[in-house]
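Take a look at the structure below.
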Amino acid sequence: PSVVKAQDYEKNRYKKTKASQESAFKSRSKAVKVFKFRAGIAENDLQRKVQNMLKHLKEGHSCQITLMARRWLVERRGEDAPCLLGETLEQVVACVGEDEGT
């Protein structure tokens with residue numbers, strides 16, 4: 001015997017659209033947030049950028065850190081320029097470590 005099922009078409013269509021919207025939302029890739037730090041950045045600017053970076057990390061975004069040095073700085077400092085970039089990186093890591101502890 002044939003079985004007939006009475007169904008509300010609008011309700012069925014609503015469920016299908018909701019399911020497709022949810023799957024589209026889950027399939028979106030989250031953007032990578034890029035944070036640029038210049039060599040010799042001021043302490044308050046460094047703190048502000050690290051706070052923003054931690055906020056984005058808590059939201060689930062991926063973060064990329066870019067260390068930059070200006071050409072004139074490299075030319076003037078010569079061999080000391082990589083040390084300045086290393087110091088900036090150490091400051092960023094220290095700030096992130098301090099904020100994770102709280």
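Annotation: side-chain hydrogen bond (donor to acceptor under 3.5 Å, both in side chains) contacts of Gln21 (sequence neighbours excluded): none. Partners of Gln7 according to the side-chain hydrogen bond (donor to acceptor under 3.5 Å, both in side chains) rule, which considers only residues two or more places apart in sequence or in another chain, do not exist here. Every residue two or more places apart in sequence or in another chain was checked for a side chain to side chain contact (heavy atoms under 4.5 Å, CB included) with Ser23, and none qualifies. Every residue two or more places apart in sequence or in another chain that forms a side chain to side chain contact (heavy atoms under 4.5 Å, CB included) with Lys11 is listed here: Asp8, Lys15. Among residues two or more places apart in sequence or in another chain, the side chain to side chain contact (heavy atoms under 4.5 Å, CB included) test is passed with Ala42 by Asn44, Asp45.
Listed by first and then second residue, the ring pair (Phe, Tyr, Trp, His ring centres under 6.0 Å) pairs that reach into residues 33-59 are Phe35-His56, His56-His61, sequence neighbours excluded.
Minimum heavy-atom separation, Cys63 to Val32: C-CG1, 4.4 Å.
Each of Met53, Gln51, Glu59, Lys58 was compared with Lys55 under the side chain to side chain contact (heavy atoms under 4.5 Å, CB included) criterion, and only Glu59 meets it.
Lys33 is not listed as a side-chain neighbour of Asn52, based on a closest heavy-atom distance of 4.5 Å or more. Looking at Asn12 and Glu10, their side chains never come closer than 4.5 Å, going by heavy atoms from C-beta outward.
Counting only N and O atoms by type, the side chains of Glu43 and Gln47 include a donor and acceptor under 3.5 Å apart.
A donor-acceptor contact shorter than 3.5 Å is absent between the side chain of Lys36 and the backbone of Ile65.
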